[in-house]
Number of protein chains: 2
Amino acid sequence: MRTPAELTDAFRKQGFKITPQRQLLFRLLDGNATHPTAEALYNRACSEMPGISLRTVYQTLNDLAAMGELRHVSVGCGPGRFDPNTDDHHHVVCDRCGTVRDVYVDGANQLAIEGLDGFDAVTPSIVFHGECADCALSVPTNPNSPKEHQ
Amino acid sequence: MRTPAELTDAFRKQGFKITPQRQLLFRLLDGNATHPTAEALYNRACSEMPGISLRTVYQTLNDLAAMGELRHVSVGCGPGRFDPNTDDHHHVVCDRCGTVRDVYVDGANQLAIEGLDGFDAVTPSIVFHGECADCALSVPTNPNSPKEHQ
DNA sequence: CTGTTTGTTCGCACAAGTTGCAGATTGGCG
DNA sequence: CGCCAATCTGCAACTTGTGCGAACAAACAG
Ligand SMILES: [Mn+2]
Ligand SMILES: [Mn+2]
Ligand SMILES: [Zn+2]
Ligand SMILES: [Zn+2]
């Protein structure tokens, strides 16, 4: 995703209007590496702009995704995440707390694939499932407590 | 997933009961490589057993998944898929018609990952997005019709 | 600065997919 | 056969996200 200032220009150039709601979301997303859900962004937005609607958050996120400024990331379960990082990258998810982190996978686009008869133009999206450092620390000896922290 | 007969034994051994509904689903899943949704299985089940409930289909699928006989596959959007193939494999999805096919990815477990600080025991699940042979054929010259066949 | 236009916001209803619940049913067993 | 625990079913509820229309407000011209 580009900077809030660049996005402002880009929106104006396309005939879109610049609203305080959009500017707030540009700011909340700028450099945001947490892969937030729409709901999470809505909650943060509410504290700066009480009255903003969840509908508007979804709307703006979808607009940004359609413009290619944002990637919609699905991690297999739970709500969709939004990612201002448009690099060619992949994700690792903590199955305990849900944290999502960027990972860069060497050779992801040159994988040897067996069984794709006829399928073409395939690009991989890789999700690694594991346990983050924090969660590993919080259950050092007994790795199977059903703890649901955070 | 094991054969219907083996599953029947396994269920009995665990104190679970063998019902006609479960047996039907064992059969519908046996060797099923289509990665069906719960709804799709429900529809097929209904033709053999009118009156079976969608709730029971979900229940049985979840039970099988919990026993490790079935994998729940998420392809990023749309309903979840269920997969009796428990091999170490991955998936390619046709973004036009939704078909899901098994693929075997060489070296998927030895990928060089950059950025996983602290995450451990990560296992990848890879989804390739592309276009299946049938869909490619049906739109041979113009690759951008919004056709929604099947 | 004021008025007009047109895109935007908001609230609510709705949709899809899945689960919780409780009463009716039935498989396994003595 | 008769019991009982497991199961099935129907429905309500839930989660995530979208459609819609009335109210609102950026952008711009005068
Ligand atoms: Mn990312
Ligand atoms: Mn599969
Ligand atoms: Zn964690
Ligand atoms: Zn297809």
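Basis for what follows: all heavy atoms, side chains included, without hydrogens, waters or symmetry-related copies. Chain A is the first sequence line, chain B the second, and so forth, proteins listed ahead of strands; every chain is numbered from 1.
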NA contact type, [X], heavy-atom cut-off 4.0 Å: base, sugar-phosphate, or nothing?
| X | value |
| --- | --- |
| Gly78(B) | nothing |
| Thr56(B) | base |
| Leu54(A) | nothing |

Partner of Phe11(B) under side chain to side chain contact (heavy atoms under 4.5 Å, CB included), chosen from Met67(B), Lys17(B), Gln23(B):
Met67(B)
Students should find that the nucleotides of DNA chain D closing off the region near chain A, any atom under 4.0 angstrom from a heavy atom, are dT16(D) to dA27(D)
Does Arg12(B) have a side-chain nitrogen or oxygen under 4.0 Å from the phosphate oxygens OP1 or OP2 of dG28(C)?
yes
What is the separation between atom [atom1] on [X] and atom [atom2] on [N], rounded to the nearest whole Å?
| X | N | atom1 | atom2 | value |
| --- | --- | --- | --- | --- |
| Leu24(A) | dT9(C) | CG | C1' | 14 Å |
| Arg55(A) | dT9(C) | CZ | P | 11 Å |
| Tyr42(B) | dA16(C) | OH | C1' | 16 Å |
| Met49(A) | dT8(C) | CE | P | 15 Å |
| Ile18(A) | dT6(C) | CD1 | C1' | 15 Å |
| Phe11(A) | dG7(C) | CZ | C1' | 12 Å |
| Arg81(B) | dT18(C) | CZ | P | 11 Å |
| Ile52(A) | dT9(C) | CD1 | C1' | 9 Å |

Would you say the side chain of Asp134(A) lies within less than 4.5 Å of the side chain of Thr99(A), judging by non-hydrogen atoms?
no
Closest nucleotide of DNA chain D for Gly15(B) versus for Ser53(B): which of these residues is on the 5' side?
Gly15(B)
Of all heavy-atom pairs linking Val127(A) and Ser74(A), the shortest is CG2-O, 4.0 Å
Quick one: closest heavy-atom pair of Asn109(A) and Pro124(A), and the distance?
OD1-CD, 3.6 Å
More than 12 non-hydrogen atoms from neighbouring residues, nucleotides or ligands closer than 6.0 Å to CD on Glu6(B), yes or no?
yes
Are there more than 12 heavy atoms of other residues, nucleotides or ligands under 6.0 Å from atom CG of Asp106(A)?
no
Using 4.0 Å as the upper bound for N to carboxylate O, is an ion pair formed by Arg101(A) and Asp117(B)?
yes
Spacing of CZ belonging to Arg44(A) relative to CD1 belonging to Ile52(A), to within rounding of 0.5 Å
12.5 Å
Tell me which of Gly80(B) and Phe16(B) sits closer to the 5' end of DNA chain C, going by the nucleotide each one is nearest to.
Gly80(B)
For residues 31-41 of chain B, the side-chain hydrogen bond (donor to acceptor under 3.5 Å, both in side chains) pairs (sequence neighbours left out) are Asn32(B)-Thr34(B), His35(B)-Asp83(B), His35(B)-His91(B), His35(B)-Asp102(B)
Bend of the helix from dC1(C)-dG30(D) to dG30(C)-dC1(D) from end-axis comparison, five pairs per end, nearest 10°, comes to 10°
